[in-house]
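Please read the structure below before turning to the comments.
Every value quoted in this text rests on a predicted model; they were computed, and no experiment measured them.
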Amino acid sequence: MIDALMRLMRAGWTLGRYDAILPREYYDLLPLPARIVGRVLRLGSRHISGDPGTRMATALEKLGPAWIKFGQLLATRPDIVGDKAAEGLSRLKDRLEPFSQTIALESLDAAFGEKRAPLFPDLGSVIAAASVAQVHQMTLADGRKVAVKLLRPGIEKEIAAEGKAMALAAKLVQALVPKSRRLEPVAFVATIRTALEKELDLRREAGAGDAFGEIVAADGYLKVPSIDWERTARRVLTTSWVEGTPLTKPGALDGADRGKLANAVTCGFLAAALDHGVFHADMHEGNLILGTDGALWAVDFGIMGRIGMAERRYLAEILFAFLRRDYRRAAAVHIEAGYVSADHDEGEFAHALRSVGEPIWGRPAREVSMGRVLTQLFDVTEQFGMHMRPELVLLQKTMVQVEGVARNIDPDHDIWEASRPVVERFMHTELGPEGITRQMFADVSNALTTARKLPQLVARIEKLVERAEQGKR
C-alpha cells in the first residue's frame, strides 16, 4: 500500500508538471478545490506546448514502460478520455534504450537452458527497443533470418507495482468524483491491468499472430510473419524476418502502388473483423512494413480486438445501409440489435441518422472520413440511449486509425468504396439465403442438443429438490 501510494504521488507530480492532470484548458469548468490542486501541481513546471493528450503522452514517457503501455491502451478508449486526448495519446513514442546483449543472452539461457546455443547460435544486434520488449535479428545455420523479441528484465514486477498504483488512483477517483462512476474507473483500470499482463506472456502474442496469419492469408490483402514455435517461450517470441521498410521510414513508399496498398490496409482490416471477428487493434505505420515482395506485412500482435457475430452483423448492416443511404434500415438495425430501445420512434431516429449520412454524399473521397462519420453516428445513438460496448469502441478507434494510415498512403483513398465489396460479401454470406439456411441448421442442431440434455437436467433438478426436502426434515 505504501509503495503504491508513493508511486501514485510520483505519477501525479509528473503529470502535474506537464499540465496533463487538471489541465489549464478546463480551468473554468473545474470546481475551486480542483483549480487549487491543479495550480499546485503545476508549480515549478515550464510551459509545455500541445494539447492535453500530447502533454500526457510526454509525461507518461517520463514515467516509464508501465505507464507508456497504460497510455497506449488509454488511447483505445476515446469514450473515456475524449477524442482529442485519445489522438494525443496515440502519438506516444514507445522507444527506449535497449538492454545489453549480455542480459539478452541470459534471458535466452533462462528460457531454453542447454538448448539455447543450438537454437540461438548468433543473436544479432538490437533492431528496435520498446517499453516492454526489444527485437533482435538473427541468422540461422540454414541461412534463414528471424526476428527475436525479448521481454525487458524485471518488466513483470515493474508493471505489477505500477498497476497497483493505477488501481489506487482509480479507487480514489471513483470515491472522490461521483460523476466519474458512470465511467467505472476501477473496472476500466482492472481491464487495462489484465491486458498488460497478457502482453507479458509472448506465447499469447504468438498464438494471436499465428491465428491472424491464417485469417489474412484467405484474402491476401495483408501478410503476417510465421511463428517459430521451437524458439518461442513465455518471455521470447521468434518469427520469420520480414525484408522490407517500415512505413514510418521516410521514402518508404517511393515508387510503390499507393492505391493498392491503401486498399490493402482498409480491406485487410475490415475483412478480418467482419468475416472472422478478429482485428489488429494497433495498425499504425510502425506496425506495417512494405516488403521487398511488394506486399504489406503486419507485425506486433500485443493488442488484438474481437467482436462477436451480433456485433459483426450490426457493423455490416450499418455500413451497408449507409452505402445505400437507407437510413430507415440503419435505424431498424439499432433497434433490432437492442442497442437502442424500441420505445424510441424509428422514423425520428432515421431522420437523426440522415443528418449524419447525407452531408457526405457528392463530396470528394479525401473530404469524407468514415471515422468521423462513425463518431457522429455514435454521438447520435447516445442521444437515443445507446451505450457503447467496449469492443465496439475499440473497433471504432481502430477504424479511425486504419483510415488515417490509408489516407497517409494515398490521400485520394475512398474508404467507402474500398469497403463496399467486403461488406457486400459479408451481407451475402451471412445475411443472404446461404447465411439464413446455415443459421437455421445451426438453430436446429442447438435445439436437438438441448433436447438430448433435457433428461439429465430434469434428473439434476429432481435430486436438488429431494436434497432440499431432506434438509427440511
Any donor-acceptor pair under 3.5 Å linking the side chain of [X] with the backbone of [Y]?
| X | Y | answer |
| --- | --- | --- |
| Glu214 | Ala211 | no |
| Thr245 | Ala252 | no |
| Asn287 | Asp282 | yes |
| His280 | Val299 | yes |
| His284 | Gly286 | yes |
| Thr266 | Asn263 | no |
| Glu285 | Leu247 | no |

Nearest heavy atoms of [X] and [Y], plus distance in Å:
| X | Y | value |
| --- | --- | --- |
| Val402 | Phe269 | CG2-CG, 3.8 Å |
| Phe279 | Arg306 | CE2-N, 3.9 Å |
| Ile409 | Ala262 | CG2-N, 3.9 Å |
| Arg258 | Asp410 | O-CB, 3.8 Å |
| His413 | Arg407 | O-NE, 2.9 Å |
| Leu123 | Ala104 | CD2-CB, 3.9 Å |

How long is the gap from [atom1] on [X] to [atom2] on [Y], to the nearest 0.5 Å?
| X | Y | atom1 | atom2 | result |
| --- | --- | --- | --- | --- |
| Glu205 | Met304 | CD | CE | 9.5 Å |
| Ile159 | Leu200 | CD1 | CG | 4.5 Å |
| Leu290 | Glu243 | CG | CD | 12.5 Å |
| Glu230 | Leu119 | CD | CG | 5.0 Å |
| Leu288 | Leu296 | CG | CG | 5.0 Å |
| Arg203 | Asp210 | CZ | CG | 15.0 Å |

I'd like to know if [X] pairs up with [Y] as an ion pair, taking the criterion as any Lys NZ or Arg NE/NH1/NH2 lying under 4.0 Å from an Asp or Glu carboxylate oxygen.
| X | Y | answer |
| --- | --- | --- |
| Asp275 | Arg425 | yes |
| Arg204 | Asp201 | no |
| Glu336 | Arg329 | yes |
| Glu158 | Arg152 | no |

Is there a side-chain contact between [X] and [Y] in this structure, where contact means two heavy atoms from C-beta onward sitting under 4.5 Å apart?
| X | Y | answer |
| --- | --- | --- |
| Asp293 | Lys223 | yes |
| Leu140 | Arg231 | yes |
| Phe426 | Arg313 | yes |
| Lys149 | Asp300 | yes |
| Glu358 | Arg325 | yes |
| Ile303 | Glu199 | yes |
| Leu108 | His136 | no |
| Ile155 | Arg235 | yes |

Using the six-membered ring wherever Trp is involved, compare the ring planes of Phe384 and Phe349 and label them parallel, tilted or perpendicular (cut-offs 30° and 60°). tilted
Ring geometry between Phe301 and Phe212 (parallel below 30°, tilted from 30 to 60°, perpendicular above 60°):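 Phe212 vs Phe301 ring planes: tilted.
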Close aromatic pair by centroid cut-off 6.0 Å: His334 and Tyr314: yes
Quick one: salt bridge (charged side-chain N to carboxylate O under 4.0 Å, His left out) partners of Asp142, sequence neighbours excluded?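 Scan of Asp142 (salt bridge (charged side-chain N to carboxylate O under 4.0 Å, His left out), adjacent residues dropped) gives Arg144.
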Leu202: which of Thr232, Leu151, Val132 passes side-chain contact (heavy atoms from CB on, under 4.5 Å):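 Single side-chain contact (heavy atoms from CB on, under 4.5 Å) partner of Leu202 among Thr232, Leu151, Val132: Leu151.
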